[in-house]
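Computation of the quantities below employed the complete heavy-atom set of this structure, encompassing side-chain atoms and omitting hydrogens, waters and symmetry-equivalent molecules. First the proteins, then the strands, lettered A, B, ... as listed; each starts at 1.
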There are 2 protein chains.
Amino acid sequence: MIYNDKQLQIIGTAERLFANKGFDGTSVRDIADEAGVNIAMISYYFGSKEKLMEALFSKRSSDINLQVETLLHNEEIAPLQKMESLVDSYIDKVMQKQQFFKIMICEQVINKNPVIISLIHDLKKKNTEAINKLIKDGQQKGAFKKNIDVLLLINTLIGSITQMMLTSDYYKEYNGLQDIPEDQFFEQVKEKMSKHVKFLFKALLTYEV
Amino acid sequence: MIYNDKQLQIIGTAERLFANKGFDGTSVRDIADEAGVNIAMISYYFGSKEKLMEALFSKRSSDINLQVETLLHNEEIAPLQKMESLVDSYIDKVMQKQQFFKIMICEQVINKNPVIISLIHDLKKKNTEAINKLIKDGQQKGAFKKNIDVLLLINTLIGSITQMMLTSDYYKEYNGLQDIPEDQFFEQVKEKMSKHVKFLFKALLTYEV
DNA sequence: GTTTTTAAATTAAACGTTTGTTTAATTTTG
DNA sequence: CAAAATTAAACAAACGTTTAATTTAAAAAC
């Protein structure tokens, strides 16, 4: 689906408002006002508020697929390093697209809209397959242990990062970082999470129980 | 605060509906109908829909504090075992009170109601302190390594379990468990998560980088 | 122990807003 | 000039909350 500028603006505004106020907490008037369009344009372009959400979800889903193919066939990089590279790119994506991930979390909690549940399903499947390829590759080369539960691995990756996203205010206060600039804090969190998750992955992929 | 039976019934109904439809997706009429009370009783007892949410949150918060004192002073249990015991009790709590945890997640995403943010803050603080005591104890006894980031540890604990809660449908399908009874699946997930998180904790607490 | 009094609980109805969506008319564009 | 885009206005429905009247329950008075 290709959208014109006005449609993309509506989608962008909806994304911000849905992330900050929730789907039901956002009115189509909110979206129309902040996007600078007439309220009727939302039905005109998308059909309904719900279909706008589905359009936004569909659009953003396609942006955050983990790409693993070029990594996979690069024989100069060790399996564990490949996985660490994937971890970093995932952390980047979550931090860059925080709003979309917030929406995704709430939609998973509510678990009502079948179109969106299906899109999340597809996303999970693709990510699982991508990581599975890296795992198989690493196992063949003897770098990774056997019997790795890929879903638990992904759960820990996504869960740890998501949880940090949701509680970054608390993390900031706990570490006395209230006064540093936001983008600096941002980078610091990314760096911390990167080392942390890589450590976890090393354990999950290589240490025998 | 002490509530009578009718108030507790309203709180219980609100918890279920807020968890399944979100705060803004639930109307006071929904709550009143399903709780079998007149719609005016909600304002009468709680003041407003928002204050009902705060009352429910306050009530449930007090139920899920991690207790660590008796564990801490039991010198017959090794530090790592104490931590594993805490992990199990946390997994139990999340699985038992899934509805409340779902509400908590959404409230963290929206991040608007200061009363609730403050309650989540308190909860996090108490949990952090409890786990910190176990960590200090383990470090003194030489069982745990130095330089443990307790917030990252907790993030991984909460995040992994939460993520499993949100994606258990996918986990079920992926592992071909659609046909087993719900409570059996429940126990299986708990067992899997328990082993998984304990493995992660052992790595985070004892393996040097 | 019965009656009276007072407070609490419960109700149906109404309140003014806000909701998502549609209409029909108008303007803009190619 | 036809198609697409945009508008203000209107729509019924649903929203959270309040009202004022009534019923129930508990306490006080006799």
* Classify the angle between the aromatic ring planes of A/Phe101 and A/Tyr90 as parallel (below 30°), tilted (30 to 60°) or perpendicular (above 60°). =>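 Judged by the thresholds at 30° and 60°, the geometry between A/Phe101 and A/Tyr90 is perpendicular.
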* Are A/Lys49 and C/dT19 close enough that a side-chain N or O sits under 4.0 Å from OP1 or OP2? ->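 Answer is no, no contact under 4.0 Å.
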* Under 4.0 angstrom between A/Asn38 side-chain N/O and D/dA5 OP1 or OP2 ->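 Checking D/dA5 against A/Asn38, no side-chain N or O comes under 4.0 Å of OP1 or OP2.
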Checking all strands, does [X] fall into the base, sugar-phosphate, or nothing category for heavy-atom contacts under 4.0 angstrom?
| X | value |
| --- | --- |
| A/Ser27 | sugar-phosphate |
| B/Phe46 | nothing |
| A/Ile42 | nothing |

* Asked: To the nearest 0.5 Å, what is the distance between CD (B/Glu15) and OG1 (B/Thr26)?
  ->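 Spacing of CD (B/Glu15) from OG1 (B/Thr26) equals 12.0 Å.
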* Could you grab the distance from atom CG of A/Leu177 to atom CD1 of A/Ile180, nearest 0.5 Å is fine? =>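 The CG atom of A/Leu177 sits 5.0 Å away from the CD1 atom of A/Ile180.
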* **Pairwise side-chain contact, B/Asn155 with A/His196, heavy-atom cut-off 4.5 Å (strictly under)** =>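 No, side chains not in contact.
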* To do: Report yes or no: do B/Lys198 and B/Ser194 form a side-chain donor-acceptor pair below 3.5 Å?
  =>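 Judged by distance alone, the side chains do pair up.
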What's the [atom1]-[atom2] distance between [X] and [N], to the nearest Å?
| X | N | atom1 | atom2 | result |
| --- | --- | --- | --- | --- |
| A/Tyr44 | D/dA5 | OH | P | 4 Å |
| A/Gln9 | D/dT6 | CD | P | 11 Å |
| A/Tyr45 | C/dT21 | OH | P | 17 Å |
| B/Tyr3 | C/dA8 | OH | C1' | 18 Å |
| B/Arg29 | D/dG16 | CZ | P | 7 Å |
| B/Met41 | C/dA9 | CE | P | 7 Å |
| A/Asn4 | D/dA5 | CG | P | 7 Å |
| B/Lys51 | D/dT17 | NZ | C1' | 12 Å |

* Asked: Of the candidate nucleotides D/dG16, C/dT19, C/dT11, which contains the atom at the shortest distance from the side chain of B/Ala40?
  ->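 Given the options D/dG16, C/dT19, C/dT11, the side chain of B/Ala40 is closest to C/dT11.
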